[in-house]
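Notes for the one structure printed next.
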Amino acid sequence: MPGNLEPLDLGIQIPYHFRCPISLELMSDPVTVSTGQTYDRTSIESWIATGNTSCPVTRLPLSDFTLIPNHTLRRLIQEWCVANRSSGVERIPTPKQPADPISVRSLLSQASAISGAHVSVRSRAAAIRRLRGLARDSEKNRVLIAGHNAREILVRILFADVDVGVETSSSEVVSESLALLVMFHMTEGECDSISSDPDRVGFMTRLLFDSSIENRVNAAALVEMVLTGSKSTDLKMIISGSGSVFEGVMDLLRSSVSSRRALKIGIKALFALCLVKQTRHLAISAGAPGTLIDRLAADFDRCDTERGLATVELLCRLPEGCAAFGEHALTVPLLVKTILRVSDRATEYAAGALLALCTAEERCRDEAAAAGLVTQLLLLVQSDCTERAKRKAQMLLKLLRDSWPDDTLVNDDEFGRSEVVPF
């Protein structure tokens, strides 16, 4: 019996013609192949994807691989679900139809047309919006759209005004093309085509300060994509070398109206920017230390916390970074609390940041000891955490020895015999 029908009464029977001949489960998206046989879409697509060219039931060769939705059967299945609701059957949702290659080509052609007498700005924006809806529906649609050279077309549309030096696109077309572009994975060449052009970088940076919060979030997503996709440090520095980029990303992280998606993209963009060590100091000038600690204390999920802590450790590699983090009252207590609380990665990054801070300032060593870091480190070196995290913990224990309270376990003579491996 299908997984979605497990809680049903054992006496309920699914009509035979409602079951997929391949999976034997209740069909949620019945489609008919060229032989006239009906299957659930996911099952027959998997069958074809593995190289099969015949109908599973009739064994006849498939003349083509077109899948025609069987709306009549799907409605009958939905009616049966509703009729058996009292037995725990949930109504199957009406499936969204996959993108059609012909429609995708037509929409891309309409979107890339020059606005004028024959094609209006509104129709271009509507075409991109329709593509965006299709891309949002499924990964399969995104692959299909990308396969029609969509990324290159969208890059041209987005940067059309800066490329020709004349305003040819409306703000609506720019917004829609940007929102669709960041839904795809860009190649290194596509990323380089943006990062190597100062005018394009400047336009992307200006979008970080747009009046629309959605445009600002999508611009930050594009910044992160381009930085991650480019391998050339010189090209990355064209983006990260502008203090405005850091300021735009920090404004996004500070904004009280930022959504969960905005915060996630903001920290990803900041982390990508801080990986460029030559311009890392600009993040500190833009106020990243204070904002990071404030957000880490309240808003991030596990993955974002790991990325945020990694960024903290990167910035603590600079003297001015250590000084800025040391001035925030929550920095040391937050990092101490994070150890062994979030994940192995988070523990390693927090230990690395604390090592830098405690090396730089005696005040931080005293704060860390008072916050219970010694106990956390003793637990850490005995845990299954990464070897790098353990080495950092051992170095911290050496560094903190003068700050340990007299009655702590680690002042025992036996502890002095423990092997401490230098980093």
Side-chain angles (χ1 to χ4, degrees), residues 191 194-195 198 201-202 204-209 216-230 232-256 258 262-300 303-332 334-335 338 345-346 348-350 352-357 359-361 364:
C191 292
I194 297 174
S195 59
V201 172
M204 181 171 62
T205 302
R206 290 194 294 275
L207 287 173
L208 288 170
F209 300 92
R216 291 164 58 194
V217 172
N218 288 331
L222 184 59
V223 167
E224 189 270 336
M225 287 172 60
V226 173
L227 284 169
T228 304
S230 293
S232 168
T233 301
D234 290 338
L235 292 181
K236 290 183 179 184
M237 287 178 60
I238 295 177
I239 299 175
S240 65
S242 167
S244 297
V245 172
F246 284 97
E247 291 169 7
V249 171
M250 294 314 306
D251 284 348
L252 191 62
L253 286 170
R254 293 191 193 101
S255 176
S256 60
S258 288
L263 293 177
K264 180 177 289 292
I265 289 176
I267 191 60
K268 287 178 70 175
L270 180 60
F271 176 63
L273 286 164
C274 289
L275 284 175
V276 186
K277 62 181 180 180
Q278 294 87 344
T279 55
R280 204 171 285 163
H281 63 282
L282 295 175
I284 300 169
S285 300
T291 302
L292 276 171
I293 296 302
D294 290 340
R295 284 302 191 187
L296 282 167
D299 297 305
F300 289 153
C303 185
D304 296 333
T305 296
E306 290 175 350
R307 194 173 281 112
L309 289 168
T311 308
V312 171
E313 184 180 10
L314 287 173
L315 295 180
C316 281
R317 295 177 183 179
L318 298 177
E320 58 266 43
C322 283
F325 280 110
E327 291 174 358
H328 197 299
L330 293 179
T331 296
V332 172
L334 176 68
L335 293 174
T338 299
R345 278 187 176 185
E348 181 180 332
Y349 298 143
L354 282 166
L355 180 58
L357 289 167
T359 301
E361 294 188 38
C364 290

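Predicted model, so just to flag it, every value in this text is computed and none were measured. Residue numbers run from 1 in the order of the sequence given.
Under the side chain to side chain donor-acceptor pair (under 3.5 Å) criterion, R295 pairs with D299, sequence neighbours left out. By the side chain to side chain donor-acceptor pair (under 3.5 Å) test, T228 is found to be paired with E224, residues two or more places apart in sequence or in another chain being considered. Taking L207 as the reference, L158, V174, L178, F203, D210, A219 meet the side chain to side chain contact (heavy atoms under 4.5 Å, CB included) condition, with sequence neighbours excluded. Under the side chain to side chain donor-acceptor pair (under 3.5 Å) criterion, H328 pairs with D294, sequence neighbours left out. Considering only residues two or more places apart in sequence or on other chains, E361 meets the salt bridge (Lys or Arg N to Asp or Glu O under 4.0 Å) condition with R363. Every side chain to side chain contact (heavy atoms under 4.5 Å, CB included) that A350 has, sequence neighbours left out, goes to L335, T338, I339. For T359, the side chain to side chain contact (heavy atoms under 4.5 Å, CB included) test picks out L355, L399, with sequence neighbours left out.
Here the closest non-hydrogen pair linking A220 and L208 is N-CD2, 3.5 Å.
Counting only heavy atoms from C-beta outward, the side chains of F325 and L292 approach each other to under 4.5 Å. V223 has its side chain within reach of L227: a pair of non-hydrogen atoms, C-beta onward, lies under 4.5 Å apart.
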Identify all side-chain donor-acceptor contacts of residues 307-317 below 3.5 Å with residues at least two apart in sequence or on another chain.
{"from": "T311", "atom 1": "OG1", "to": "R307", "atom 2": "O", "distance (Å)": "2.8"}
{"from": "E313", "atom 1": "OE2", "to": "K392", "atom 2": "NZ", "distance (Å)": "3.0"}

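For residues 232-254, the salt bridge (Lys or Arg N to Asp or Glu O under 4.0 Å) pairs, not counting sequence neighbours, are D251-R254. Residue pairs satisfying the side chain to side chain donor-acceptor pair (under 3.5 Å) criterion with at least one member in residues 264-279, sequence neighbours excluded, are listed as follows: S240-T279, K264-D301, K264-D304.
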